[in-house]
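Counting starts at 1 for both ligands and their atoms, in listed order. Keep in mind that the numbers below use all heavy atoms, side chains included, and drop hydrogens, waters and symmetry copies. In what follows, residues are counted from 1 in the order of the sequence shown.
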Amino acid sequence: MRDNAKFNCTPSIARMTPRPTPRPGSRSLLPAVLVVVLAAFLGVVWFVTQGEPLPGTYFAPERSSVVAVVVLVSTAAWGVWLASQQRQRVGEVEEERDLFFTLSLDIFCVLSADGRFERVNPAILNTLGLKPENLVEGSSLLDLVHADDTRLVSRGLAALEAGHPARFEVRCRCGDGSWRWLNWSATPTPEEGQIYAVAHDVTGRKHTEEALRAESAFRTAMEDSVLTGLRAIDAEGRIIYVNRAFCELVGWPLADLLHKRPPFPYWDESDASQNEAKLGVCLEGKAPSEGMELRIRRRDGKRRDVRLHVSPLIDAHGDQTGWMTAMTDIREQKRARNELQAANERITTVLDGLDSLVFVTDIASNEVLYTNLACAHQIALGGANPVVPNPDPVDYPLDPATLTKKDLPCELFDGELQHPRTGQWFHLRERALRWVDGRIARLAVATDITAMRRAEEVTREQEASLARTSRLITMGEMASTLAHELNQPLSAISNYSKGCVNRLRSGQYKIEDILGAMDKAATQAARAGEIVRRVRDFVRKSEPRRSMVSLAQITEDALGIAGIEVRRLGARVSTRIPPDLPEVLADRIMIEQVLMNLVRNAAEAMQEVPMEQRQITIGAQLHEDSIEMMVADRGCGISPENQANLFSPFFTTKPDDMGMGLNICRSIIEFHKGRLWIEDNPPGGTIFRFTLPLENDLEPEPREQDTSPA
Ligand code: ADP
């Protein structure tokens with residue numbers, strides 16, 4: 001950038017201001033006045049003397065001479081006066097010029113041939129905000145000009161040097177360091193070797209031009225970047241403007257579209273009449289606000305579906321000059337719409353094909369937002385109305401009223417409930433979610449499980465009956481053992497009774513002996529009665545009923561019956577049940593049945609091993625949320641193949657058995673929400689383990705009265 005420091009030097013621009021032009025004063029008329037006075041004097045003298053010499057002189061002017069002199073003097077005086085007038089006018093003009101030079105808002109300069117300022121008017125100071133001392137003698141125009149524009153000035157000076165006028169627009173530095181655009185017009189004066197230059201400030205215009213250029217560039221960029229095809233037509237339908245997107249959309253270049261009248265090149269011939277009609281609608285200003293669909297034919301022959309939106313084209317004066325049309329390719333939109341429709345149909349078909357009831361309600365207002373076909377049928381039939389379910393049984397983990405959009409989606413309910421009016425059972429799953437319009441909605445899927453519940457009940461009944469049958473079979477299998485077991489107390493009772501009778505008959509008895517014998521008979525009767533009670537309890541017909549029971553007690557009862565068989569088979573049983581084991585909610589008889597079955601299997605599995613090895617261990621272990629029981633033996637063990645089938649119905653390795661025991665055991669444990677599994681006993685044999693949960697969601701139920709015959 002050019003250094004402007006030299007303009008800050010002290011020398012003034014006094015020499016550069018216009019030369020003062022002296023105004024012709026009255027002195028310039030003096031000779032003319034004197035000549036006229038002299039001529040008048042001579043004339044007077046001649047009239048007075050009438051050709052005689054003047055008194056006291058020899059001077060006697062001739063009449064002709066006097067006339068000639070007067071004429072001459074008058075002419076000279078006239079000439080002088082005219083010259084004086086001329087000079088005065090020139091002076092006035094110069095004064096005006098100087099005034100103009102001084103007061104002009106445009107810059108006037110006289111420059112040397114190499115562009116140095118010789119004279120400047122004050123406008124240059126005002127325009128550029130310079131001080132007089134800023135312009136020193138010998139400073140050049142180039143010193144003021146922006147570095148980027150010096151080339152233009154140099155070129156102009158070269159033209160001026162060649163004797164041609166020059167014009168250039170350049171930026172000149174202002175006193176405050178800013179730049180102003182000056183439009184210079186310069187003319188050379190070859191005789192004086194000077195340049196007369198005039199400049200006026202065009203900064204405002206330049207800024208406007210720049211703003212316009214920027215605006216225009218922005219508009220062009222915008223028009224080129226929009227994907228919407230824009231087309232303007234005049235009132236006759238002639239194309240007066242199209243943007244690039246339009247050309248790309250229709251596949252025709254700008255030149256082939258501009259100034260074209262309908263039919264336009266991109267109209268499909270087969271649709272010409274339709275298109276003509278649509279254009280007519282546009283020109284009448286009746287185009288629908290949602291737009292019109294049109295099919296166009298591109299230059300390459302491909303057809304496109306487009307949508308047109310038409311709006312009036314208003315000029316700067318507010319007059320309508322035509323119509324502006326925005327054209328968008330709706331092929332993608334149509335495809336997406338079709339796909340969406342197809343997807344919607346698919347999902348509707350799926351949802352309507354479901355047996356489950358699917359419905360959506362507004363959580364706040366309970367307004368039904370969606371129901372699938374099954375749900376609509378259900379409502380139409382007036383059956384169980386899942387849309388307004390009885391809220392009482394629904395125990396929401398979250399209060400729907402406090403849900404915020406941040407919590408979504410979330411599970412509200414998952415469980416089974418019975419419709420209070422129809423008695424139908426539903427598995428209801430409810431989630432809170434944000435609906436398509438943003439509100440919080442409840443999506444519910446309700447599956448009618450009434451039939452399933454009935455089937456489950458039947459199965460449960462069948463299983464219970466099977467379990468009982470199995471218990472009866474067990475008893476049948478143990479009948480001889482039990483008979484043998486009962487035979488002993490009965491024989492003892494009989495012997496004691498007979499002994500008492502004989503003693504009483506003989507009359508020789510001591511009452512203590514009789515009482516002792518009767519006491520023993522009663523003990524044996526109690527022993528027999530306990531066996532009978534256990535058997536009776538075990539086989540009595542009753543529905544499964546859960547109550548809080550002690551596993552130690554159940555084990556004792558089970559061993560009360562099974563122990564007889566175990567002993568018969570030569571095995572021993574040891575129990576390791578902690579005394580402080582908590583009670584569990586279970587059906588006493590069913591758990592007893594499981595233990596009996598496991599103990600009997602264990603004893604039977606040890607038939608081939610030596611007597612001293614025939615040991616059965618019953619244990620119990622408390623876990624955090626369950627009690628685990630185990631029955632371990634030292635028997636033959638179970639091969640992996642048999643383990644796979646162990647719990648299948650009718651799987652047995654015993655010739656006379658049914659193979660239902662373990663299957664029933666597992667059903668019983670699962671009914672109690674526990675688990676039954678087997679492990680190999682490390683020293684040999686098998687361990688059966690099962691768990692019973694400490695807490696489950698089943699309520700204790702009172703056991704039904706015995707329905708079996710006593
Ligand atoms: P069943 O006793 O009538 O055969 P189970 O279902 O109780 O029916 O038993 C099925 C089979 O499992 C038995 O036949 C036996 O082969 C095998 N099994 C059961 N418990 C044991 C055990 N403790 N040790 C070895 N095998 C066993």
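Those atoms of ligand 1 with a heavy atom of F651 less than 4.0 angstrom away are 10 (C), 11 (C). Residue-ligand proximity, G659 to ligand 1, at heavy-atom distances under 4.0 Å covers atoms 1 (P), 3 (O), 4 (O), 6 (O), 8 (O). Each of the following atoms of ligand 1 lies closer than 4.0 Å to a heavy atom of T686: 24 (N).
Between N495 and K520, the side chains place no donor N or O within less than 3.5 Å of an acceptor N or O (distance only, hydrogens not considered). Side-chain contact of E628 with H623: a donor-acceptor pair under 3.5 Å is present, judged by distance alone.
Between E293 and K334 there is a salt bridge, with a side-chain nitrogen of the basic residue lying less than 4.0 Å from a carboxylate oxygen of the acidic one. Electrostatic pairing of R588 and D537 counts as a salt bridge here, judged by a charged N lying under 4.0 Å from a carboxylate O. With salt bridges taken as basic N to acidic carboxylate O contacts below 4.0 Å, none links E463 and R460. Between R675 and E670, no side-chain nitrogen of the basic residue sits less than 4.0 Å from a carboxylate oxygen of the acidic one, so the salt-bridge criterion is not met. Between D329 and R304, at least one side-chain N (NZ, or NE/NH1/NH2) sits under 4.0 Å from a carboxylate O, which counts as a salt bridge. Salt bridge R453/E457: absent, no basic N to carboxylate O contact under 4.0 Å.
Legend: residues meeting salt bridge (Lys or Arg N to Asp or Glu O under 4.0 Å) with D300, ordered by chain and number and at least two apart, are R298.
In this structure, F688 counts as a contact residue of ligand 1, since one of its heavy atoms falls inside 4.0 Å of the ligand. Proximity of G635 to ligand 1 is not established, as no heavy-atom distance is less than 4.0 Å. The closest approach between a heavy atom of G637 and any atom of ligand 1 is below 4.0 Å.
Ranked by closest heavy atom to atom 20 (N) of ligand 1, the top entry among N601, I664, N663 is N601.
For the pair L662 and ligand 1, the shortest N or O to N or O distance falls below 3.5 Å. Below 3.5 Å of separation, one finds no N or O of E604 facing any N or O of ligand 1. The distance criterion of under 3.5 Å between nitrogen or oxygen atoms is not met by L646 with respect to ligand 1.
Contacts of T652 with ligand 1, taken as heavy-atom pairs under 4.0 Å, involve both backbone and side chain. The side chain of N597, and not its backbone, has at least one atom closer than 4.0 Å to an atom of ligand 1 (non-hydrogen atoms only; side chain from C-beta on). At a heavy-atom distance under 4.0 Å, only side-chain atoms of D633, from C-beta outward, approach ligand 1. Contact annotation: for M658 versus ligand 1, heavy atoms closer than 4.0 Å belong to the backbone alone.
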*What do the steps show when you test D362 against R439 for salt bridge (Lys or Arg N to Asp or Glu O under 4.0 Å), and what is the final call?*
CA-CA 7 Å; D362 183 349; R439 29 182 173 167; 3.0 Å; yes
_M606 vs I616, side-chain contact (heavy atoms from CB on, under 4.5 Å): CA-CA, chis, key distance, verdict_ = CA-CA 9 Å; M606 292 190 292; I616 299 171; 3.3 Å; yes
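Taking atom 2 (O) of ligand 1 as the reference point, the nearest protein heavy-atom neighbour is K654 NZ, 2.8 Å. Nearest protein heavy-atom contact of atom 26 (N) of ligand 1 is I638 CG1, 3.4 Å. Of the protein's non-hydrogen atoms, the one nearest atom 16 (O) of ligand 1 is T653 OG1, 2.3 Å. Protein heavy atom nearest atom 24 (N) of ligand 1, with residue, atom name and distance: A605 CB, 3.2 Å.
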